[in-house]
Structures are given as C-alpha cells and as structure tokens.
Amino acid sequence: MSKKTSAEAVCVVTGAAGFVGSHLCERLLGLGCRVMGVDNFFSGRWENLTPFRDHPRFSFLERSVTEPGLLREIAAEHGPLACVFHLAAIVSVPYSVDHPEETWAVNYQSTIGLLQEAGRLGCARFVFAGSAAEYGDDARLPLRESYAGDQTSWLSPYGEAKYRSSRAVAACGDGPRGVALRCFNIFGPRQDPSSPYSGVISRFAEMAVRGEALTIFGDGHQSRDFVYVSDVVDAYCRAAGLVASAPEVPAGIYNVGSGTRTTILELARMILSLTERGESIRFYAERPGDIRHSVACIDAIQAVMAWRPRVSLEEGLRETLRWMQSQGA
Ligand SMILES: NC(=O)c1ccc[n+]([C@@H]2O[C@H](COP(=O)([O-])OP(=O)(O)OC[C@H]3O[C@@H](n4cnc5c(N)ncnc54)[C@H](O)[C@@H]3O)[C@@H](O)[C@H]2O)c1
C-alpha cells in the first residue's frame, strides 16, 4: 500500500480507543499518515492505544464526538484535515433500546455535526462506520445496499441511527466525499468479550481459552457473516483513497462482509477444534430480537474498491485465539 494523501494532512479517527478504531490508527500510521485519535472511553480501552500511543505521528484527544467545534479545534492545532474516519458510537444494541435519546445524539447527531464541520474545513473525505443493523430483519439474502430504506423496520435505535447517518454521509453533495461502510460481524484481536452482547467470536474465544463450555442462545443454526478486522481496515483505507493501486471511490454506501454465511454452531465447533477441545457446548433459550440469518452481498465493494476479504475465518480465528491467550483470558 502507498498513500495518495499529503503526509502533512491529518486523518482524524473517532472511536480510536475502540476495537476497530485502534486497528485503523495503527494501519494509518503504517501508511505514513498523521493521525489524531478521539475517544471518550465510553466502551474503548487505554490498552488498545498502547501499541502506537507514543508514535511521533499520533496524537490523542479524550473528548466526546458530541462536542461542537471538535474538528475546528483539531485543524487549528494540527493543520488541514485529509479525512475524518467516524467510528465512535454507542455500539451496544440493548443499550440503544434502553437509551434511545443518548444513542440518537451520539450515533446520529454527532455524525451530522462532524460532517458539516468537515465540509466547512475543506476536508476532502469522510468515512463512516455503518452497520448491518441498518437492514433491520430483512429476510432477503444476501443483503444488498438498496434493501435498507426509509420503510425498513429497524430492531433498535442503533440500527436506525446508523441508517440515517449512512444516508447523510453518502448524500453530502458539496461537502467531503462521503463513504459509509456497512460492516457485518467484525472480529479479531482487541474485541472486548466482556458483555453477553459482545461479538460472539470474542465471547466464544474467551470461553474456549478459559476451558469453559461455549454458550449458544437458540439452536445454533442462526447464521452470520464474519469479517476479519484487518480486511475491514483495508476497506476503510480504500474508501479514503489511501491505497494507491485501488480505484477512486465515489460517494456511496457499501457492504463490508465476507459474503459467506456461517452458523453459530459451525463457528463454535471450529473454535473448539482449534483449541483442541471436545464438543463442549451449552444451549440456552433464543434471545428475543435476535436476527435469524444475515449475510452481505459484496458485489458493490468488490467492483468499486477492488476490495475482497483476504483473511479466512479459520486464519482470523487462530489470530483471535492467540491474542485471547496472550491476555490470559
Ligand atoms: N464490531 C462490529 O462487529 C461492528 C459491526 C458493524 C459496525 N460496527 C461499527 O464500527 C464502529 C467501531 O465499533 P467497535 O466494534 O470497534 O466498537 P468499540 O466499542 O470497541 O468502539 C467504539 C468506540 O467509540 C467510543 N465512543 C463511544 N461514544 C463516544 C463519544 N460520545 N465520543 C467519543 N468516543 C465515543 C468508545 O469509547 C469506543 O472506543 C462503531 O461505529 C460500530 O457501530 C462495528
């Protein structure tokens, strides 16, 4: 990879102390960019910043994205902004159901505020963390970008806020070129397993490393589309025009997934086999509101960004398990 953006300009990453944001910061630094990370540690962790916190091209601001004037302040201190990567969000779907107004402020209003400010500052690009939750429980599979619309019935304030933000980002005519990446189930090192609603892979990995039985809600035949974090980061970099060999990316909304369905039972068995454990699975009642099946159509991102997932599920699981073991789980 080589970059097209001036080394002088700054890339802002909101949600920098989070799982995906921290991997993105690391990749951008590797590409030679100056990076300003922003996070208020709502769900992020200081440890995620450790591998690059002292990098000479990295700066960090402990602030909320809901604060007006954030980008203006960064530009005044650090110079022109090349790209804003907006990943900060309330990521827990159940929390969003219990706190709809807070979710709207953080997950939608902050997007609009940052987008407008980026436009006023002449920032060329804005890349947003969209989500498969934007599709609600649409049963048409694989999910195509056009399926989410104003008629979608979202299962949570999280899904609706992500949908409305993605739409606004992609439609930002005279502002920065806006790209929303509708990511499916991302997994990899640094994903926090601590809540029952965390990514299923991080929870399974933690249980397996601890020698506990893996717990499945429902019959295990529900399926998901798992995509490894380094592939997602690659999509972010392409969307921002930072990959020299990749085509210019027009404003729009693009799914990011593997394009393959894996059942939760298949996943559990893969993890048990990689950790050399027997069939040690416990089944609990299905959780209300859980989507039965989900898989992305990735034709658009493949055609427009020449992107494809490179890390197989097995390879990604090995890396995740190695990391989980290194944490002492
Ligand atoms: N992990 C996935 O499977 C997945 C899938 C689809 C979309 N996404 C989206 O990708 C983005 C990153 O998710 P993640 O999995 O890394 O989650 P994460 O919780 O690790 O990261 C989110 C970060 O945003 C920060 N944050 C929250 N509110 C903030 C605020 N008001 N101001 C500043 N920072 C704030 C948190 O502290 C955290 O560091 C999110 O927008 C999420 O919705 C994630």
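Ligands are counted one by one from 1 in listed order, and the atoms in each one are counted from 1 as well.
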contact_flag R63 ligand 1 heavy-atom lt 4.0 Å: yes
For G15, the atoms of ligand 1 under 4.0 Å from one of its heavy atoms are 23 (C), 24 (O)
Heteroatom proximity flag, V38 to ligand 1, N/O under 3.5 Å: no
Mark yes or no: R287 above the aromatic ring of F217, with NZ or CZ under 6.0 Å from the six-membered ring centre and no more than 45 degrees from the axis. yes
Protein contact to atom 27 (C) of ligand 1 [nearest heavy atom, distance to 0.1 Å]: A89 O, 3.2 Å
Backbone or side chain, does any N or O of V65 fall under 3.5 Å from an N or O of ligand 1? yes
Among all protein heavy atoms in this structure, tell me which lies nearest to atom 35 (C) of ligand 1, with the distance rounded to 0.1 Å. N40 OD1, 3.0 Å
May I ask you to check if ligand 1 and N185 share an N or O to N or O distance below 3.5 Å? no
Protein residue, atom and distance nearest to atom 37 (O) of ligand 1, heavy-atom basis: D39 OD1, 2.7 Å
Atoms of ligand 1 under 4.0 Å from any heavy atom of F41, numbered from 1 in the order shown, are 37 (O)
Quick check: A132 and ligand 1, any N/O pair under 3.5 Å apart? no
Closest protein heavy atom (residue, atom, distance) for atom 18 (P) of ligand 1: S43 OG, 3.8 Å
Checking S165 against T111: is there a side-chain donor and acceptor pair closer than 3.5 Å? yes
Out of F184, Y158, F42, Y236, who is nearest to atom 8 (N) of ligand 1 when you count heavy atoms only? Y158
Taking side chain as C-beta onward, heavy atoms only, is L141 less than 4.5 Å from L143? yes
Any chance the side chains of E134 and S166 put a donor and an acceptor closer than 3.5 Å? yes
Can you tell me if R182 uses its side chain to pair, donor with acceptor, with the backbone of V256 under 3.5 Å? no
Using a 4.0 Å cutoff against the non-hydrogen atoms of G130, which atoms of ligand 1 qualify? 6 (C), 7 (C)
of all protein heavy atoms, closest to atom 4 (C) of ligand 1 is I186 CD1, 3.5 Å
Is the closest heavy-atom distance from K162 to ligand 1 below 4.0 Å? yes
Under 4.0 Å to a heavy atom of L87 - the qualifying atoms of ligand 1, by number: 11 (C), 12 (C), 40 (C), 41 (O)
With nothing but distance in play, are any N or O atoms of T66 less than 3.5 Å from an N or O of ligand 1? no
Using side-chain heavy atoms (C-beta onward) and a distance below 4.5 Å, is F58 in contact with P56? no
Is it true that Y135 and Y147 have ring centroids separated by less than 6.0 Å? no
Between F41 and F60, is the gap from one ring center to the other below 6.0 Å? yes
Between V106 and ligand 1, which part of the residue brings a heavy atom under 4.0 Å of the ligand: side chain, backbone, both or neither? side chain
Pairs of nitrogen or oxygen atoms closer than 3.5 Å, one from V20 and one from ligand 1: do any exist? yes
For ligand 1, is A133 a contact, meaning one of its heavy atoms is under 4.0 Å away? no
For residues R144 and D299, report the shortest heavy-atom separation together with the two atoms involved. NH1-OD2, 3.8 Å
Evaluate the criterion salt bridge (charged side-chain N to carboxylate O under 4.0 Å, His left out) for residue pair R203 and E212; output intermediate values, then yes/no. CA-CA 11 Å; R203 284 192 302 108; E212 296 167 1; over 6 Å; no
Verdict with supporting geometry, E248 and R125, salt bridge (charged side-chain N to carboxylate O under 4.0 Å, His left out): CA-CA 12 Å; E248 275 294 309; R125 304 194 188 249; 3.2 Å; yes
Has ligand 1 got any nitrogen or oxygen that is less than 3.5 angstrom from a nitrogen or oxygen of G44? yes
Identify which one of V38, D39, L24, V127 satisfies the side-chain contact (heavy atoms from CB on, under 4.5 Å) criterion when paired with V13. L24
Would you say the rings of Y228 and F187 are close, in the sense that their centroids are separated by under 6.0 Å? yes
In terms of residue, atom name and distance, what is the protein heavy atom nearest to atom 21 (O) of ligand 1? G18 CA, 3.5 Å
If you count the atoms of ligand 1 from 1 in the order shown, which ones are under 4.0 Å from a heavy atom of C183? 5 (C), 6 (C)
Just to confirm my output: which protein heavy-atom neighbour is closest to atom 10 (O) of ligand 1, and how far is it? A129 CB, 3.6 Å
Can you tell me if A17 has a non-hydrogen atom under 4.0 Å from ligand 1? yes
In terms of side-chain heavy atoms, does H293 have a donor or acceptor partner in S223 at a distance below 3.5 Å? yes
Can R224 and S294 be counted as having a side-chain donor-acceptor contact under 3.5 angstrom? no
Considering heavy atoms of the protein only, find what lies nearest to atom 31 (N) of ligand 1 and give residue, atom and distance to 0.1 Å. S64 OG, 3.1 Å
Tell me whether the centres of the aromatic rings in F42 and Y95 are closer together than 6.0 Å. yes
Where on V91 is there a heavy atom closer than 4.0 Å to ligand 1, on the side chain, on the backbone, on both, or on neither? side chain
